[in-house]
Amino acid sequence: MKQSILSLLSPDYPWKDLLHCYACLPSTNDHLKHLARQGAPEGTAILAASQTGGHGRMGRSFHSPEGTGVYLSVLLRPQCPPARLMHLTCAVGVAMCDAVESVTGARPGIKWINDLVFQGRKVGGILTELGLTPDGNVDFAVIGIGINCCQTPEDFPPELRTIAGSLSMAVGAPVSPAEMAAAMLRSLASLSAALLPCQASLMAQYRRDCITLNREVTLLRGEERRQGFALDVDDSGALLVVFPDGHREAVNSGEASVRGLSGYL
Ligand code: BTN
């Protein structure tokens with residue numbers, strides 16, 4: 001896998017020496033956080049052919065079987081306070097839409113805040129995690145992405161079968177995990193330069209990609225379920241929701257997630 005990915009990366013890809021591939025890890029994010037604390041440089045990338053404990057936002061697990069998906073984590077070291085990275089997950093979402101489009105010719109949508117969606121099915125997810133220095137600045141950002149490339153519906157466990165999909169199911173053609181991984185690495189290398197200076201344009205693109213906007217949504221916050229209408233996403237990635245009594249809330253992704261009125265979308 002490593003050689004085929006490296007052969008797909010152009011000579012100007014800056015982090016060729018920092019790609020580490022494994023057959024199986026508990027979680028590429030957890031592995032990379034460990035390396036980050038030991039001083040690994042920006043651009044360090046961990047790719048696993050499968051994960052036994054892949055996880056997502058809010059403690060949810062991420063199904064990571066061998067050979068059909070890309071499970072990738074990449075380390076960035078932006079020099080800024082954490083408040084300057086509120087848009088990180090959204091920006092990665094846009095970068096991953098670019099990567100998928102470059103490989104498949106079709107652009108997925110993003111279900112707020114971090115799900116990549118094709119034809120009503122989740123084909124990927126993003127988990128960004130920050131480490132801070134003792135004085136409260138960003139020490140590292142671990143960007144974890146899982147993308148389902150070539151599963152068939154039967155490859156998913158029964159409880160995911162109506163929700164999950166793969167790129168090949170969406171576009172009706174095989175999608176190579178190695179090609180997808182190379183495209184994701186390229187997109188993340190470009191994003192590392194654009195992340196801080198181009199926040200407004202990244203968020204403008206996020207609003208175009210986000211399929212949650214202008215829809216009725218169910219807002220999930222702990223045990224609480226509330227229905228509202230998703231109006232906008234602000235430049236920090238918060239979802240602006242208006243409720244039936246007319247009041248509005250900017251909902252932070254750390255505290256809530258959304259569903260459609262009758263299911264996942
Ligand atoms: C989500 O759906 O909430 C996000 C899923 C993120 C999964 C990826 S797979 C690679 C990396 N390692 C993990 O344990 N999680 C991320």
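- Across all non-hydrogen atoms, the minimal contact from M203 to C90 is SD-CB, 3.6 Å.
- Separating the CD atom in E179 from the CG atom in L167 is a distance of 11.5 Å, to the nearest 0.5 Å.
- Heavy atoms only, all atoms of each residue included: I110 and I113 are closest at CG2-O, 3.8 Å.
- Around atom CD of Q227, more than 12 heavy atoms belonging to other residues, nucleotides or ligands sit under 6.0 Å away.
- Rounding to the nearest 0.5 Å gives a distance of 10.0 Å between CG of L202 and CG of D235.
- Around the CG atom of D17, the shell of radius 6.0 Å holds no more than 12 heavy atoms that belong to other residues, nucleotides or ligands.
- A 6.0 Å sphere centred on CD of E159 holds more than 12 heavy atoms belonging to other residues, nucleotides or ligands.
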**Prompt:** What's the verdict on salt bridge (charged side-chain N to carboxylate O under 4.0 Å, His left out) for R221 and E249, showing C-alpha distance, side-chain angles and the deciding distance?
**Reply:** CA-CA 13 Å; R221 193 186 263 141; E249 280 179 35; 3.4 Å; yes
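- Atoms CG and CD1, on L116 and I126 in that order, are 5.0 Å from each other to the nearest 0.5 Å.
- A side-chain donor-acceptor contact under 3.5 Å links T212 to the backbone of W112.
- Contact record, Q51 with G54: NE2-CA, 3.6 Å, taken as the closest heavy-atom pair.
- In this structure, CG in L47 is found 12.0 Å from CG in L32, a value given to the nearest 0.5 Å.
- The closest side-chain heavy-atom distance from L185 to V74 is below 4.5 Å.
- The backbone N or O of A182 sits nowhere less than 3.5 Å from a side-chain atom of Y13 that would complete a donor-acceptor pair.
- The cationic group of R215 does not satisfy the cation-pi geometry with F229, failing either the under 6.0 Å distance to the six-membered ring centre or the 45° limit from the ring axis.
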**Request:** Decide yes or no on salt bridge (charged side-chain N to carboxylate O under 4.0 Å, His left out) for D98 and R186, but give the supporting numbers first.
**Result:** CA-CA 10 Å; D98 293 344; R186 277 193 297 270; over 6 Å; no
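- Taken from CG in D234 to NE2 in H87, the straight-line distance is 12.0 Å, to the nearest 0.5 Å.
- Counting heavy-atom neighbours within 6.0 Å of E223 CD, excluding the residue itself, gives a total of 12 or less.
- A salt bridge between R77 and E42 is absent, with no side-chain N of the basic residue lying under 4.0 Å from a carboxylate O of the acidic one.
- Here S61 contributes atom OG and H55 contributes atom NE2; the two are 10.0 Å apart, rounded to the nearest 0.5 Å.
- Between the side chains of N29 and E129, a donor-acceptor pair is found at a separation under 3.5 Å.
- R161 has no carboxylate O lying under 4.0 Å from a charged side-chain N of D155, or vice versa, which leaves the two without a salt bridge.
- In this structure, the side chains of L75 and L35 stay at 4.5 Å or more apart for every pair of heavy atoms.
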